[in-house]
Each structure stands twice: as structure tokens, then as C-alpha cells.
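Worksheet: one structure, shown below.
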Amino acid sequence: MLQISQIVTEKERVIEGLKKRNFPNVEQVLDQAIALDEKRKSSQQSLDSNLAEANALAKEIGGLMKAGKREEAEAIKSKTAELKSASKELAEAKDQVEKELLALLYTIPNVPHPSVPSGNTDEDNEVVKTVGEAPKLHAGAVPHWDLIKQYDIIDFDLGIKITGAGFPVYKGKGARLQRSLVNFFLDEAVAAGFSEVQPPIMVNEASGYATGQLPDKEGQMYHVGNENLYLIPTAEVPITNLYRDVIVSEDQLPIKHTGFTPCFRREAGSWGAHVRGLNRLHQFDKVEIVQVCKAEDSYKALDDMCNHVASLLEKLGLQYRILRLCGGDIGFTSALTFDFEVYSAAQEKWLEVSSVSNFETFQANRLKLRYKDENKKIQLLHTLNGSALALPRIIAAILENNQTPDGINIPEVLVPYTGFDKI
RNA sequence: AGAGGAGUGGCAGAGUGGUCGAAUGCGGCGGUCUUGAAAACCGUUGUACCGCGAGGUACCGGGGGUUCGAAUCCCUCCUCCUCUGCCA
């Protein structure tokens with residue numbers, strides 16, 4: 001959520017940024033927010049002076065009662081009734097304005113970083129660089145959805161039986177490959193200085209709001225109604241929320257965490273013929289990296305996180321490219337996002353396997369995640385996160401790219417984890 | 001899940017209707033003393049909003065209520081502890 005103070009003091013920059021996102025009626029919405037804020041201030045002023053008066057009278061009554069001057073006290077009491085009802089009305093008015101303002105602010109996305117290209121769809125994303133080469137597959141090479149059947153390592157039909165579409169069952173070497181990748185990614189993240197956490201995979205409403213999934217993506221999360229909890233769409237939610245309502249001390253920064261969790265996404269409306277096999281699932285595994293740092297350090301941190309993701313893909317020997325997301329494709333909460341895509345050679349398609357974002361203060365403002373600077377001034381921190389990495393599409397690419405007529409080769413770095421070098 | 005108890009500032013812990021944003025201790029910060037440190041002593045030490053400022057308002061787990069006045073009384077929710085039950 002943007003700070004209202006940001007909207008007031010940097011209105012032009014906000015307008016320019018939101019236009020890049022094609023956010024409709026920018027000026028109108030911002031003016032409305034500013035007007036509501038003014039209304040909020042004035043209603044607080046009248047409420048406060050009203051309360052101050054009432055407090056003074058109450059004290060006076062207290063003093064008189066103690067002095068035994070009952071009658072004088074009673075006389076003053078009669079004066080308070082009016083103040084009381086006025087206070088109630090003023091408080092309601094103030095709450096109402098605050099709610100309206102908050103509801104409006106919830107609808108405003110983050111201001112993109114100046115380097116974010118304008119554009120409408122993923123077609124307009126900027127390819128920053130492409131690393132590695134596409135493997136040359138043998139004549140009979142097939143997509144991963146055929147390979148998983150051929151080698152009996154991932155079973156979609158069984159998943160459909162016990163749960164539904166998009167919930168595959170990993171079997172034998174498929175299950176082992178998945179576990180190996182999780183361990184490999186966690187080990188690499190820990191080696192890069194991210195401390196490991198295992199968070200809950202259901203979160204409450206407050207957590208969903210704080211990282212921005214609510215109310216924006218309400219329909220995309222699975223909701224556990226009898227407990228009013230949400231299944232996490234990404235470990236970003238619980239891990240970032242570890243720092244909700246926290247004022248950290250400067251020497252704790254930067255905070256770096258990694259965590260492995262399953263992720264759940266309803267993917268309402270995004271299913272189609274182009275989505276096959278492991279390309280899109282309702283439940284998948286992911287290792288996430290999260291960072292909290294000072295404003296002046298956050299873009300360096302973003303770079304570091306991107307380099308970490310790149311190193312993973314290089315170690316796995318996968319061709320990949322990095323995209324700078326355009327204004328139309330960047331997430332609601334993000335200021336700058338780099339997507340990583342691996343080339344899936346049999347599908348002849350680029351698959352997104354990581355998204356690394358800097359949210360600047362957008363999440364921190366909702367989280368109330370702050371620190372005290374050297375002048376003892378309390379400042380919002382910046383939050384960042386990235387996938388490192390999401391498993392299913394990595395598995396798809398490994399299977400497709402490393403297939404040979406007599407088996408699938410396992411990348412060398414994984415062999416110590418899998419215990420086998422071929423499927 | 002049932003019965004009982006409890007949630008107060010960074011921590012510990014007082015306060016059960018009136019000048020309480022809240023005693024006291026510890027911790028933190030600043031200072032005196034010291035060659036330096038420790039000890040001792042003195043001072044200081046929450047957050048948010050409004051206001052140019054003086055200052056004001058709110059916050060004692062969350063929400064609601066009673067009252068001129070609530071940390072204190074009532075209702076409700078949440079969390080923790082103890083006992084009983086159940087269980088991976």
C-alpha cells in the first residue's frame with residue numbers, strides 16, 4: 001500500500017508511474033485519496049478537541065467528588081451529555097473516512113521503478129539477457145508429459161482421483177528428484193547467507209493483507225472457511241509476515257531468509273489448452289528467498305538475489321533468460337520484477353521458474369515493518385523476495401532437455417542428492 | 001474438546017473506578033567519577049495520529065458495552081498456563 005504522504009508529496013511521480021501500469025483514472029483516484037485524507041485530518045481535529053473538553057470536565061468532576069462537593073459535580077455532569085453524543089458522532093465519522101481512505105488505498109498498486117518499461121502484456125517485457133544454449137534433442141524427443149508416463153515418475157491421473165486436476169503424484173525417481181531439488185536449492189540459499197525457516201502453510205487474513213494478496217488476489221487463494229485461513233500461494237506470505245508489526249534494530253539488517261513450502265493456487269480463469277503437464281499446477285513446491293533491508297540497499301539486494309537465481313540455473317545447466325517485466329505485466333505490489341525463464345526444449349517454450357521483486361515500502365507499509373535510523377527516526381524498510389526456485393517447470397525442463405534415447409540424464413550437481421544419474 | 005487461571009511498556013512486575021501513559025526493578029541510552037573498565041551516583045528511555053509550535057488525542061491481548069470518568073466493572077473473541085479427555 002502506498003503511503004498517503006507519498007501520494008501527497010510525490011503526486012507527479014506517482015501519477016507517472018501508475019500511468020505506466022495503465023492504471024485507470026489516476027489523477028481522479030489520487031485526488032480522491034488526498035481529499036479523503038484532508039477530511040480525515042479535520043475530523044480527527046474536531047474529535048480530539050471534543051474529547052479534550054470532555055476529559056477536562058471529567059477531571060473536574062473527579063476533583064469535586066473528592067472534595068465532597070457533590071452538587072457542583074452533578075451540575076457539571078449535565079454539561080457532559082451533549083459532548084458525549086457529539087464525540088460518538090465525530091468518532092463514527094472519523095472511522096468512516098478512515099475506512100474509505102484505506103479501501104481506496106488498497107486498490108492502488110505500487111509505483112513502478114523508473115527502469116520498468118511501459119507496455120501492456122508479457123509480449124512487452126524486456127529481455128535483459130539470455131544465457132546458455134538450447135540443447136540439441138534426438139529425433140524421437142518428446143515433451144515432459146510423455147516422459148513422465150514413459151518412466152512412470154509423475155502421475156496426474158492418480159492425483160485427479162485423490163484430489164483433482166493440477167495435483168500430481170510424484171513417484172519413485174520422480175519423487176526423489178523433487179526432494180533432491182528442494183534440498184539442493186535450500187543448501188544453496190543457506191550457503192548464500194539466507195537463514196532457513198519452515199513457516200506454516202496456512203495464514204490468517206491479517207497476513208494476507210500485509211503482503212498484498214488480499215484483497216487484490218482473494219479469488220486466487222484457497223480459503224479454509226471453517227477457520228478463516230488461506231493456503232499460501234507462496235512462502236513469501238508467511239516469511240515476510242514474520243516481520244509484521246516489528247521495529248527492527250539497524251544492526252539486524254539486512255534480514256535474509258529462505259524457506260521451502262508447498263504453494264497453492266486456484267489459477268481461476270488461467271487454465272487452457274496451452275497449459276499441459278507440469279506447466280501449471282494447483283499445488284507445487286517452491287524454495288523462496290526473502291530479504292528485508294534499508295531503502296538505500298534494496299536495489300543492490302535485488303541484484304544479489306537475481307545473481308543467486310542465475311547461479312542455480314547455471315549449476316543445473318539450463319538455458320535461461322531474464323526478463324524485466326513491463327508496467328502492464330508487473331505484479332500489483334512490486335516496484336521492479338525480473339522474471340527468469342528456462343527453455344523447455346521439447347515444448348520449444350520458455351517457462352517462468354522465478355520471479356524476483358523489490359516491493360520497496362509497499363509491503364512494509366502494510367506490515368508496519370520499520371527500523372530506527374541513526375537519528376532515531378523510524379523508517380519503513382524495503383522488502384524483496386524471489387523464487388529460488390519453483391520446482392515443477394524446472395523438472396519439466398530437466399526432463400525434456402536431458403532426455404536421450406536410453407534415459408534422462410540427471411544434472412551432475414543433483415547426483416549427490418538423488419543417488420542416481422539417470423532415469 | 002471440558003473445567004479453572006492469566007494476558008500491563010524491551011523484559012520482570014505493581015496497580016481492581018478519578019490528575020495512570022501507567023509505581024518499582026532489570027536492561028538500553030547520556031553523564032559524573034576513573035589512566036581505562038567495573039561498581040556507585042545523576043539524568044533519560046513506547047507507538048501512532050493531529051498541530052508551525054505550545055500542545056492535544058488514542059493505545060494496558062482484539063472488538064463492543066456500562067460510567068461524568070475504565071488498565072481497573074460487564075459482554076465477546078483471541079492467545080497462553082494448569083488439570084481432565086482425545087490424538088499424529
Side-chain angles (χ1 to χ4, degrees), chain A residues 1-9 33-106 198-210 214 224-230 238 241-253 255 262 361 363-381:
Chain A
M1 181 166 75
L2 295 180
Q3 301 162 79
I4 184 67
S5 59
Q6 244 176 311
I7 293 175
V8 172
T9 60
I34 293 168
L36 282 169
D37 189 46
E38 289 302 321
K39 212 168 149 191
R40 188 198 111 244
K41 285 182 190 176
S42 65
S43 67
Q44 179 169 352
Q45 276 168 24
S46 19
L47 174 63
D48 281 0
S49 63
N50 204 273
L51 287 174
E53 209 175 317
N55 285 345
L57 287 177
K59 272 185 187 175
E60 208 178 320
I61 293 171
L64 291 169
M65 296 289 263
K66 246 184 187 169
K69 299 176 178 170
R70 288 201 139 253
E71 280 185 19
E72 284 180 48
E74 289 300 328
I76 297 175
K77 265 194 200 181
S78 63
K79 283 201 259 176
T80 60
E82 201 178 316
L83 276 175
K84 210 180 164 186
S85 69
S87 288
K88 198 172 178 183
E89 275 175 38
L90 288 167
E92 274 166 15
K94 181 179 162 247
D95 285 351
Q96 182 57 34
V97 178
E98 277 177 352
K99 265 186 205 157
E100 274 176 48
L101 178 58
L102 192 63
L104 184 64
L105 289 175
Y106 273 142
Q198 250 187 51
I201 60 173
M202 287 197 255
V203 293
N204 57 29
E205 245 179 352
S207 295
Y209 273 98
L214 292 175
V224 182
N226 53 3
E227 301 290 341
N228 196 23
L229 296 174
Y230 293 87
N241 268 283
L242 297 175
Y243 296 92
R244 171 150 52 84
D245 287 320
V246 169
I247 299 177
V248 298
S249 63
E250 198 169 358
D251 56 22
Q252 286 177 265
L253 297 168
I255 293 163
T361 58
Q363 288 183 329
N365 187 31
R366 287 197 196 178
L367 286 158
K368 295 196 174 63
L369 167 51
R370 296 160 296 173
Y371 81 108
K372 247 181 208 168
D373 68 16
E374 61 270 23
N375 303 316
K376 298 201 170 171
K377 200 180 163 206
I378 289 175
Q379 309 257 27
L380 288 176
L381 286 160

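Lettering follows sequence order; numbering is per chain, from 1.
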Nearest-0.5 Å distance that lies between atom [atom1] in [X] and atom [atom2] in [Y]:
{"X": "A:Tyr243", "Y": "A:Ile255", "atom1": "OH", "atom2": "CD1", "answer": "4.5 Å"}
{"X": "A:Leu101", "Y": "A:Glu38", "atom1": "CG", "atom2": "CD", "answer": "11.0 Å"}
{"X": "A:Ile61", "Y": "A:Glu74", "atom1": "CD1", "atom2": "CD", "answer": "8.0 Å"}

A:Ala81 vs A:Lys376, nearer the 5' end of RNA chain B by closest nucleotide: A:Lys376
Whichever of A:Ala54 and A:Ile247 has its nearest RNA chain B nucleotide further upstream toward 5': A:Ile247
How many Å lie between [atom1] on [X] and [atom2] on [N], as a whole number?
{"X": "A:Ile76", "N": "B:rG18", "atom1": "CD1", "atom2": "C1'", "value": "14 Å"}
{"X": "A:Glu227", "N": "B:rC77", "atom1": "CD", "atom2": "P", "value": "15 Å"}
{"X": "A:Lys94", "N": "B:rC49", "atom1": "NZ", "atom2": "C1'", "value": "7 Å"}
{"X": "A:Glu74", "N": "B:rG69", "atom1": "CD", "atom2": "P", "value": "13 Å"}
{"X": "A:Lys59", "N": "B:rA70", "atom1": "NZ", "atom2": "P", "value": "12 Å"}
{"X": "A:Asp251", "N": "B:rG28", "atom1": "CG", "atom2": "C1'", "value": "12 Å"}
{"X": "A:Leu369", "N": "B:rU47", "atom1": "CG", "atom2": "P", "value": "16 Å"}
{"X": "A:Leu64", "N": "B:rU19", "atom1": "CG", "atom2": "C1'", "value": "13 Å"}

Donor-acceptor pair between A:Gln96 and A:Glu92 side chains, under 3.5 angstrom: no
Side-chain donor-acceptor pair present, A:Asp373, A:Gln379, cut-off under 3.5 Å: yes
Salt bridge flag under 4.0 Å for residues A:Glu98 and A:Lys94: yes
Gap in Å between the two [atom1] atoms, one belonging to [N] and one to [M], rounded:
{"N": "B:rG43", "M": "B:rC26", "atom1": "P", "result": "14 Å"}
{"N": "B:rC52", "M": "B:rC78", "atom1": "C1'", "result": "43 Å"}
{"N": "B:rA14", "M": "B:rG65", "atom1": "C1'", "result": "28 Å"}
{"N": "B:rG62", "M": "B:rG4", "atom1": "P", "result": "24 Å"}
{"N": "B:rC74", "M": "B:rC20", "atom1": "P", "result": "24 Å"}
{"N": "B:rC77", "M": "B:rU82", "atom1": "P", "result": "23 Å"}
{"N": "B:rG46", "M": "B:rG10", "atom1": "C1'", "result": "9 Å"}
{"N": "B:rU8", "M": "B:rG63", "atom1": "P", "result": "16 Å"}

Phosphate-side-chain proximity, A:Arg370 and B:rU47, N/O vs OP1/OP2 below 4.0 Å: no
More than 12 heavy atoms from other groups under 6.0 Å of CD on A:Gln252: yes
Out of B:rG69, B:rC50, B:rU47, whichever nucleotide has its closest atom nearest the side chain of A:Arg40: B:rC50
Base versus backbone protein contacts along nucleotides 52-66 of chain B [heavy-atom cut-off under 4.0 Å; B, S, -]: ----BSS--------
Heavy-atom side-chain contact between A:Asn204 and A:Asn228 under 4.5 Å: no
Beyond-backbone contact of A:Arg244 with A:Ser207, side-chain heavy atoms, under 4.5 angstrom: yes
Sugar-phosphate, base or nothing in reach of A:Lys372, heavy atoms under 4.0 Å: sugar-phosphate
Base-pair map of RNA chain B as dot-bracket, where | denotes pairing with a different strand and pairs are Watson-Crick or G-U under 3.5 Å: ((((((((.[[[..)..(.....]]]((((((.......))))))(((((....))))).[[[[[..)....]]]]])))))))....
